[in-house]
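A short worksheet on the structure shown next.
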Amino acid sequence: MDANYRPELIEAEAQKQWETDQAFRATENDGRPKYYCLSMFPYPSGKLHMGHVRNYTIGDVLARYHRMKDYNVMQPMGWDAFGLPAENAAMANKVAPAAWTYANIDYMRQQLKSLGLAIDWSRELATCKPDYYRWEQWLFTQLFEKGLIYKKLATVNWDPVDHTVLANEQVIDGCGWRSGALVEKRDIPMYFFRITDYAEELLAELDHLPGWPERVKTMQRNWIGKSFGVEIHFPLSKPAGQDVLKVFTTRADTLFGATYVAVAAEHPLAQQAAANNPQLAAFINECKQGSVAEADLATMEKKGMDTGLVAYHPFTGEAVPIWVANYVLMGYGEGAVMAVPAHDERDFAFAQKYGLPVRAVIRPSGEEKGVRREAEKPDSPHASLLTPYTEYGVLFDSGDFSGRSSQDAIEKIALVLKGLGLGERRTTFRLRDWGISRQRYWGCPIPIVHCPSCGDVPVPADQLPVVLPEDVVIDIGSPLKKMPEWSNCTCPKCGGAAERETDTMDTFVESSWYYARYACPDNDQAMLDGRANHWLPVDQYIGGIEHAILHLLYARFFHKLMRDVGLFGAENIRSSAGGPLPNPPPGGEGANAALRAPKAIDEPFKNLLTQGMVVAETYYRDLPDGKKQWINPAEVEVERDAKGHIVAAKLKSDGLPVIIGGIEKMSKSKNNGVDPQALIDQYGADTARLFMMFAAPPEQSLEWSDAGVEGAHRFLKRLWKAVHEHVAMGTVAAYSGGELSSAQQGLRRQLHQTIQKVSDDIERRQQFNTAIAAVMELMNALARLEGDDAVTRGLRQEALEAVALMLAPMVPHICQALLAELKPGIAFNQAAWPGADTSALVQDEIELVLQVNGKLRGKLVVAAGAAKKAIEQTALASPEAQKHMEGKPAKKVVVVPGRLVNIVV
RNA sequence: GCCCGGGUGGUGGAAUAGGUAGACACAAGGGACUUAAAAUCCCUCGCUCGCAAGGGCGUACCGGUUCGAGUCCGGUCCCGGGCACCA
């Protein structure tokens, strides 16, 4: 055995062996229980970043741990290969997106391999390859036939200079990132998935996902946003051209406080009023400026204008003005809201700004009386209302409904409105249908042919895939729209001249089903086969918390779509290409979960671990053109104050100051990434893995610092040295029984406690930093164990074997090498996880904490099985207790078994 | 703006069901070894009063519940994630 730890040698050797042995290949015909461990696949952006290293190490620890626990583990890897960055890179470097992407994949695959991940590479897939997206197109045509996909107008960011649609991230302060032009909203036709048909099920199934973090489920619930409200019709006068103006509200109890109605700029009423009102037309035009992102809409200044039209209150018949407001969105509900300034923050601010009346109709209910400000008293003049009262309460000034509670009034008002034909109860969802059309090139072509006589015709299965041409030149806009040789075709239905759809799909579509395709990536006859039934659901999914809503919701939705197309049924073993579909379930798509397949197949991810982000300090300098030059932390030297806080920073190369930009997620745009390759090259993969797992628990965000890496590396060196020194004295069998001194007994107890803790930390808590800390403590204790007698050496052998096994999921290369020295001939990949010897855990005396009035005053040693009463006596008699009780009698004595005694005087 | 998290020593973090706050590391300081340095090993290390023994304070801030609160409840501030075309 080499006296020195040489990661570059042992890692290369171990990886080579795993590759020749095909050690991580997963097969279905295996008697053991399956464990499908999946980390979110990477976008091939160029090289791995720290977030990847963290994500894949976490996944690998869990995969390797379960492998040692005798599960049939499948851990695949692939590439989320379509997307915007490839087009940007193409423009910047004059390379085709495909070539750029494939080169990145090759580089990053080699990087992943150098991390020593237990991946079954035979299942690798890339979403930009026709043999993958072909099935996405096939599913699209199936859903299209079933009516689960439809076309409608949707609003996008339009760059009027570049004549192109911009992604939200390409809009900076309302302007196009390249052209700098003021962005406009524009309506274009797009295809939509009817995710709202599944809203009920997507919501309800969250209650059956105990393996998901509560916060993710909460976020999804809020996103789906089921709300019970009332649709209210405000009658219109004849010139308005319509009979009623429909609004939706969850607060029908405030109806008598409605003092105006606000409609979206795109609302037909607004359009109509603008026809002979140039000022209004100008305002509506102004509303068209800016991005479509909700964060921008919600934070912009609330503006509005009176249309001059009025609607009539459904109960009082009073005329209320109709305003156009930029905060009302056409896409939500009816594109119109009733405004109740007295009981809604936003309406209140708007009314204040434009001098609209405020009419209070809800006051706090009895028990809360007197808590509220004077201004909210029912008899105070409305003008003095300082803040709106937005809680539920009791109605007043509300006709027959006065005196009712809010909840009661909502029911009653809905009922009366219904009787009048002026509204009814309605359940709505915040969730909107998923628009998937993208006016971009580097994505999966939408398999639709536009025929002048047949309309939108899905491409038949035998003509799939619609292949995306890869040899193209990119400038602004999609080249597909300028390639008649690609888009001209014949109609599959009538054979006449037709044109292909030139939009591609949202890249979230590819990532919504890749987890299933890993089961059978080689099947060229069907999207999925029986192997998907074997492996699904994913037992453990690991990925960034930033995917908590969109990706995870879309993947859940797709799972249900695939189920309802019959891909998980018994019949899915036959070719699904071109085959007949099972009948759609009766009564709509979302309504009949009970009629469907067993629960297990309703959700794709059984357990979810959301890792926090890897963040780092950012630094920049302002450039003369107003832009920022971001500087990598590696090029910056920081100055700290006496307390260690960063006070100033300067560039190493010129010594001049740079601006500290705060801590942010590592990203290319902020140039604050730390290249993991340098770390791996210098210290080896095991050090990188160990540091990543030790620095923070997986769910927390991890602030990067180079300093800790050294420590991780030193620990591995100490571990290597400890094994080397032990092995150099000759082989010895692990301790298996016999008399032990109390120090030996103590060490052996710690060893088996550590085994217990590490198992629990990895399996249940998924908190690897404390598992590693426990092993470090054990190693520190082992270093203090003196003696070279046979028993001590046997004990050391037992401990070192266990340490090598316990650390194997985190640092597999070194553990394989150490185990080979400790137990020559052992097959590392068949090594089993160690079990704790419970007989070693027994203690006959335990230490308790002694408190007087909740303050720590001393310690007590009592027999392990001592009765509460006896412990109480011992505690009261102890000198520490006597001293701090100052002669006063004990009012109460709290004994927490195994923990503490608290004497209250 | 809305939804979801987080805030503990100089730093990363620990405290798992309300029960010893600071495990394990990093950095720093001191020492040993060395001609010297690196490496390695040993010691100190929340703040504060005290020669010491031993006190007091302390988990962003304010208040509450409890014998006991980093942990639970109410409010405030700050930081991060998401907001439907970044992935």
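By convention in this document, chain letters (A, B, ...) are assigned in the order of the sequence lines, proteins followed by strands, and residues within each chain are numbered from 1.
- In this structure, the nucleotide among B/rG80, B/rU20, B/rA39 sitting nearest to the side chain of A/Lys717 is B/rA39.
- Using a 4.0 Å heavy-atom cutoff across all strands shown, A/Met190 reaches at least one base atom of the nucleic acid.
- Residue A/Gln700 places none of its side-chain N or O atoms closer than 4.0 Å to OP1 or OP2 of B/rG7.
- Closest to the side chain of A/Ala695, out of B/rG12, B/rG81, B/rA84, is B/rG12.
- Across all strands shown, A/Leu84 has heavy atoms under 4.0 Å from sugar-phosphate atoms exclusively, and none from any base.
- Note: CD (A/Glu546) to P (B/rC86) measures 13 Å, nearest angstrom.
- Atom CD in A/Glu710 sits about 7 Å away from atom P in B/rA27, given to the nearest Å.
- With B/rC83, B/rC24, B/rG81 as the choices, the nucleotide that has an atom nearest any side-chain atom of A/Ala773 turns out to be B/rC24.
- In the interface, the side chain of A/Lys757 is paired with the base of B/rU16 through a donor and an acceptor atom under 3.5 Å apart.
- Residue contacts for A/His547: at a heavy-atom cut-off of 4.0 Å it reaches a base atom on one of the strands shown.
- Shown here, B/rC77 forms a base pair with B/rG7; the pair counts as Watson-Crick or G-U wobble because both key distances fall under 3.5 Å.
- The glycosidic torsion of B/rG9 lies within 90° of 0, which places this base in the syn conformation.
- In a base pair of the Watson-Crick type (N1 to N3 plus N6-O4 or O6-N4) or a G-U wobble (N1-O2 and O6-N3), with each distance short of 3.5 Å, B/rU71 is matched with no nucleotide.
- In this model, the phosphate group of B/rC24 is not approached by any side-chain N or O of A/Asn780 to a distance below 4.0 Å at OP1 or OP2.
- Nucleotide B/rU59 forms no Watson-Crick or G-U wobble pair with any nucleotide shown, as no partner meets the under 3.5 Å limit on both distances.
- Using a 4.0 Å heavy-atom criterion, one finds that A/Met40 contacts no nucleic acid atom at all.
- Contact annotation for A/Leu850: no contact, since no heavy-atom pair falls under 4.0 Å across all strands.
- Atom CE of A/Met692 is separated from atom C1' of B/rG13 by 15 Å (rounded to the nearest Å).
- For the pair A/Asn222 and B/rC4, the criterion of a side-chain N or O lying under 4.0 Å from OP1 or OP2 is met.
- Base-pair partner of B/rC2: B/rG82 (Watson-Crick or G-U wobble, both distances under 3.5 Å).
- In this structure, B/rG12 forms a base pair with B/rC24, meeting either the Watson-Crick or the G-U wobble geometry with both donor-acceptor distances under 3.5 Å.
- Contact annotation: side chain of A/Arg718 to base of B/rU40, donor-acceptor pair absent below 3.5 Å.
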**Prompt:** How far apart are the C-alpha atoms of A/Asp503 and A/Tyr441, what are their side-chain angles, what is the distance that settles it, and do they pass the side-chain hydrogen bond (donor to acceptor under 3.5 Å, both in side chains) test?
**Reply:** CA-CA 7 Å; A/Asp503 281 357; A/Tyr441 156 72; over 6 Å; no
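- Proximity of A/Glu699 to A/Gln611: side-chain heavy atoms (C-beta onward) are nowhere separated by under 4.5 Å.
- A/Arg430 comes within 4.0 angstrom of a base, heavy atoms only.
- Between the CD atom of A/Gln611 and the P atom of B/rA87 there is a distance of 18 Å, rounded to whole Å.
- Listed pair A/Gln220 / B/rC83 fails the phosphate criterion, with no side-chain N or O lying under 4.0 Å from OP1 or OP2.
- Counting to the nearest Å, the P atom of B/rU40 and the OH atom of A/Tyr5 are 14 Å from each other.
- Taking the ring centroids of A/Phe691 and A/Tyr683, they lie at or beyond the 6.0 Å cut-off.
- Residues meeting the side-chain hydrogen bond (donor to acceptor under 3.5 Å, both in side chains) test with A/Gln220, sequence neighbours left out: A/Arg556.
- At the phosphate of B/rG55, OP1 or OP2 sits under 4.0 Å from a side-chain N or O atom of A/His884.
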**Request:** Can you check each nucleotide of nucleotides 67-72 of chain B against protein heavy atoms at under 4.0 Å and return B for base, S for sugar-phosphate only, - for none, in 5' to 3' order?
**Result:** B-----
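- No contact: A/Ala774 has no heavy atom under 4.0 Å from any strand.
- Nucleic acid contact class of A/Pro697 (heavy atoms, under 4.0 Å, all strands): sugar-phosphate only.
- Nearest to the side-chain atoms of A/Ile549 among the listed nucleotides B/rC86, B/rA84, B/rG82 stands B/rG82.
- Among the protein residues, A/Val709 comes within range of no part of the nucleic acid, since none of its heavy atoms lies under 4.0 Å from any strand.
- Checked against B/rU40, B/rA84, B/rU20, the side chain of A/Glu294 finds its nearest nucleotide in B/rA84.
- Taking atom CD of A/Glu880 as the reference point, atom C1' of B/rA53 lies 14 Å away to the nearest angstrom.
- The phosphate of B/rC26 (OP1 or OP2) has a side-chain N or O of A/Arg714 nearer than 4.0 angstrom.
- Ring to ring, A/Phe694 and A/Phe715 are not that close: their centroids are 6.0 angstrom or more apart.
- If you check B/rA15, B/rA84, B/rG81 against the side chain of A/Arg432, the one that comes closest is B/rA84.
- Between A/Tyr514 and A/Tyr541, the ring planes are tilted. Angles from 30° to 60° get that label.
- A/Ile871 places its CD1 atom 17 Å from the P atom of B/rG19, with the value rounded to the nearest Å.
- Heavy atoms of A/Val893 sit nowhere under 4.0 angstrom from any nucleic acid atom.
- A/His713 and A/Tyr5 have their aromatic ring centers within a separation under 6.0 angstrom.
- For the pair A/Lys152 and A/Phe192, the cation sits on the ring face: its NZ or CZ lies under 6.0 Å from the ring centre, inside 45° of the axis.
- Counting to the nearest Å, the P atom of B/rA14 and the CG atom of A/Asp761 are 11 Å from each other.
- Within 90° of 0 lies the glycosidic angle of B/rA17, which makes this nucleotide syn.
- Contact annotation for A/Phe508: base contact, defined as any heavy-atom pair under 4.0 Å involving a base atom.
- For A/Tyr43, the side-chain atoms get nearest to B/rA87 when compared with the rest of B/rA87, B/rA27, B/rA14.
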Validation: residues 768-778 of chain A side-chain donor-acceptor distances under 3.5 Å, sequence neighbours left out:
{"residue": "A/Thr770", "atom": "OG1", "partner": "A/Asp761", "partner atom": "OD2", "Å": "2.9"}
{"residue": "A/Thr770", "atom": "OG1", "partner": "A/Arg765", "partner atom": "NH2", "Å": "3.4"}
{"residue": "A/Thr770", "atom": "OG1", "partner": "A/Gln767", "partner atom": "O", "Å": "3.2"}

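- Here the side chains of A/Trp158 and A/His163 are in contact, with some heavy-atom distance below 4.5 Å.
- Between atom CZ of residue A/Phe557 and atom CZ of residue A/Arg194 there is a gap of 10.5 Å, rounded to the nearest 0.5 Å.
- Looking at the side chain of A/Met219, the nearest of the listed nucleotides B/rC86, B/rC4, B/rA14 is B/rC4.
- Counting only heavy atoms from C-beta on, A/Arg765 has its side chain closest to B/rU16 among B/rU16, B/rA84, B/rC86.
- Across all strands shown, B/rU40 forms a Watson-Crick or G-U wobble pair with B/rA32, both key distances being under 3.5 Å.
- Across all strands, A/Gln439 comes closer than 4.0 Å to base atoms (heavy-atom distances).
- Taking the six-membered ring where tryptophan is involved, the planes of A/Tyr327 and A/Phe350 are perpendicular, since the angle between them exceeds 60° and thus also 30°.
- Residue A/Thr507 places at least one side-chain N or O under 4.0 Å from the OP1 or OP2 atom of B/rA87.
- Taking the side chain of A/Phe694 as heavy atoms from C-beta on, and the options B/rC24, B/rG13, B/rA15, the nearest nucleotide is B/rC24.
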